[in-house]
Amino acid sequence: MCYSFQFVMAIILVLSTSTAMAQTQQDSVIRELSLKEIEIHSTRKSKQPRTTFYQSSMLASTEDILARVEGVNLIRRGPIGMEPVLRGFSAGQINVVIDGMRIFGACTDKMDPVTIYTEPVNLKSIDIKYGGDGIGMGATIGGTLNLKLADALIDSNARFRGSLASGYYSAATAVQNAVVMNYSEKKWAIRFSGVYRKGGDYTDGRNKKVDFSQYGKVNTSVSGKYLLNKNSTIKADFLLDDGWNIGFPALPMDVGYAKARIASVTYERNNSSEFLQELEAKIYTNSVRHAMDDTQRPAIAMHMDMPGQSHTMGAFLQFRLQKMGIHAIRVKSDFYYNSVHADMTMYPKDAAPMFMLTWPKNHQMVTGLFVEDEMYLSNNSRLGLKLRIEAANAKVTDEMGQDQFSVLGYDVHGPVNRILKNANISYTRFLSSMFTVYLSTGFNERFPTTSERYGFYLFNQMDNHDYVGNPLLKNEQAWNTEFNLLCATKDWSWKLSAFSSRVAHYIMGRTQPDLSVMTTGASGVRSYENIPSARLFGAESSFNYQLLNRHLTFNNTWKWLRGKDNENTPLPLISPLKIMTSVRFKHRTLFFQVENEISSKQSEINVDFGEGVSPAYTLFHIRTGYGIVMKRHKLDFSLGIENLLNKAYADHLDWGTTLRPGRNIYGLLTLKF
Amino acid sequence: MKKLYAFVFLLAILTACKKDVDNENITDPKEGLKKISEAYAPGISTKIELWAKSSLTTGYNQLFVALYDSVSNQTITKAEVKVLPVMDMEMNGMHMSHSAPSVQPESDRAENTLFPLAAVFTMPGNTDQNKWSLEVTIKRDGQNKTGTARLAAEVGSSSPERVKMLTTAEGDKLVVAYFFPIHPKIGINELEMIIYRQQDKMSFLPADNYLLTITPEMPAMGHGSPNNVNPVYTKNGYYKGKVNFTMTGDWRINLDLAKAGQKNTTFFDLTF
């Protein structure tokens, strides 16, 4: 959990309490330093002051929450479907998993990052581990974003509990309705959540409607839990997400539909007296269907159908071994199989339809073994060791795809097999009751993605190039180093992180003058290549201060990042310095919050990738809320104004510098029972 | 005794198996072919049949001649076979005729009872005014006499057009025809073309000294495809290369023919 004040107080108590007690408190500090966990609350309000900072309202989307996390930025092509970036790493460089399950989008143009298939109402928390700390979920160089699904709650004291929320957003004349229900018996419980969101074209800061910025979305999830005995439970989750008519103003087409079906069964057992502890076994399957749609767009050269599919199934088993001496060992073995394909049919006027495979049917099959050892060196220092070895296999499975790729001069009849090695070492030192230092360094590798390996003339609007895959790509390899300092007292805490990654075989698009463009109007064709190296480094700070008997909470975060390739050219899609400050006043059930968001100018740009200098901007938001507590219910009213000054602005990571919404007044009503 | 039975039994199985395999290997040489016409060559008591893979169209056509003794009805597998396509035209009461490029059988021995050959029809011929026929001259093995027969050949139009006539700067008249694998596919395709130069109305010679450059393109989109291999001359007027298609749809193969600094261009369209 983010800045838990319990542990801060506990640190103060460390010296005066038993070592066993101290250790659990130290555990939470280490978690705090190696993991960014944002708790999501849908039925009850959190007691943690920082949660309200990330989850600005009950109806904030997963993307809204992510945007506020230090270390996370979003590449925006439309009002929803934003792509998360962890400290400058995105797409295949990071793992985005749902409750540990691997899931891959079905859009060749990255219009459906996995984060859009969940909603905060079906999440318990969002866990983010940067760089090598994130190798528990899969080989990665940039980290892991785990969207943890909310469990059904077995609580015989509250048989039926839930919440209803309804809100309106003025800028996009959007409505959002959400429901969460939990029903519990003695041995089992079932949880249901549903969200309906629909928005029209939004109005930007120049009071102009932004065409093709509408969206519609329904998300429902059912989760059941059964208590087998005192120590073990079995759990089943099913999640359904349907999006339709989702506008992408920065792209030449929209999304017709995006459908995800996610199912899993999990067995959990925890008995502290057994040799195997915290055992979790999960089997899962998911499928994503996606289709782009250009029929709404005026003046298109020709209509195109672009459907895609992605199917994944997998399983994992993880457990912790009973503590042996100074060692606390955790083991995880996992497997997944992902198969994707996407095609395109173009309908020119007075000519035959043209058909091609944009992702020839191909699969990735990965098995991995992860071992983590946490060594309790002394009362005030710990050494963590993480190792992951992965065997990965990729293959184009349909004949047409193989033939099609031979045109580019590659033979893709055979599979690609790789062994991926990831190792990370971390050291924590409790310097005093106030200061804790956490160091982490490691070597990481990742497997190229389907698009990077087998993509066939995928158009990138940003640099106006067609992209073709390169089956001969080497693994991207990174040396990651991170330094964290945490200072905490009873009333305030400050966390400073500095990090650096040196990436070898960095994968980037490079112009191929021999290839002719396929997309009408494109300026060239690029193929993915391993450039010798790239460097990413940056720093983050987050400060939290509670004063006036906790009536006032002050929150301030900074995120700063730089990226350079081997020729010292800035890497594309690197966010400029961002500072976010919020002051929240709270008295009983009334709160009032003022926020300030500053983004500096970004002149470290990659012109080749189509970037321009992005000007700085400053935004103000205000939010207020009041709750009426009734006998068994609680009614919450919230009201807020985002972009109070109606600033016309676009972020550096917004494709096509499409202006973001102007002044947005929202109101929402939540009934909790 | 038991052993002997077992041996006989095994032998029976093995021979039975072998027979089966043999039966599978013997297939009708004309399977999948279509009979175009037949005629008797007078004087040498030979029946001539003309076969093709499908109905004849303008452009390159692979043809087969089958010969039978008209008395015994036995297949003749050794003979010298020569063909000459002839177009007979009736225009305003005037009769005219001309020929078209053809590829003669390579040997006097039939391949699987058939003599393969080819003709490049330069125009349709399926009316009373315009008629194609194939003049086939036979000299059977062991005979001195030759016999000639005319076999009618109805030729429709190919669509899109698979044959182009060009006149070069030096005044050479060229017949350029292409033929693909019958169904092109996405990916790499073997490309074959045939080019003949007209010597006079009735004779054509292989044009062996042209440098060909192909540029495939999709006219609807204006893009091409990479890594094509320009056709190079093999023999008998044939040029072989490779053409790549990245998607289905309407394609155009632009063709440059270069010789001694002079360049001629033409194109072929196809859809799949």
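Lettering of chains follows the sequences in order, A, B, ..., and the numbering in each one begins at 1. Predicted model only: the values in this text are computed from it and were never measured.
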Exercise. Report the distance from atom CE of B:Met221 to atom CE of A:Met302, rounding to the nearest 0.5 Å.
Key: 5.0 Å
Self-check item: Max heavy-atom pair count under 4.5 Å with chain B, selected residue of A:Met356, A:Met346, A:Met400, A:Met518
Solution: A:Met518
Across chain A and chain B, going purely by atom type as modelled, what donor-acceptor pairs are there at a distance under 3.5 Å?
unit_1   : atom_1 : unit_2   : atom_2 : d
B:Gly224 : N      : A:Ser516 : OG     : 3.3
B:Asn227 : ND2    : A:Val407 : O      : 2.8
B:Asn227 : ND2    : A:Leu408 : O      : 3.3
B:Thr248 : N      : A:Phe355 : O      : 2.8
B:Thr248 : O      : A:Phe355 : N      : 3.4
B:Thr248 : OG1    : A:Phe355 : N      : 2.8
B:Asp250 : OD2    : A:Ala352 : N      : 3.0

Quiz item: Which residue, A:Val468, A:Val525, A:Leu515, forms the side-chain contact (heavy atoms from CB on, under 4.5 Å) with B:Pro226?
Solution: A:Leu515
Exercise. Using non-hydrogen atoms and a 4.5 Å limit, figure out which bit of A:Phe405 sits close to chain B: side chain, backbone, both or neither.
Key: neither
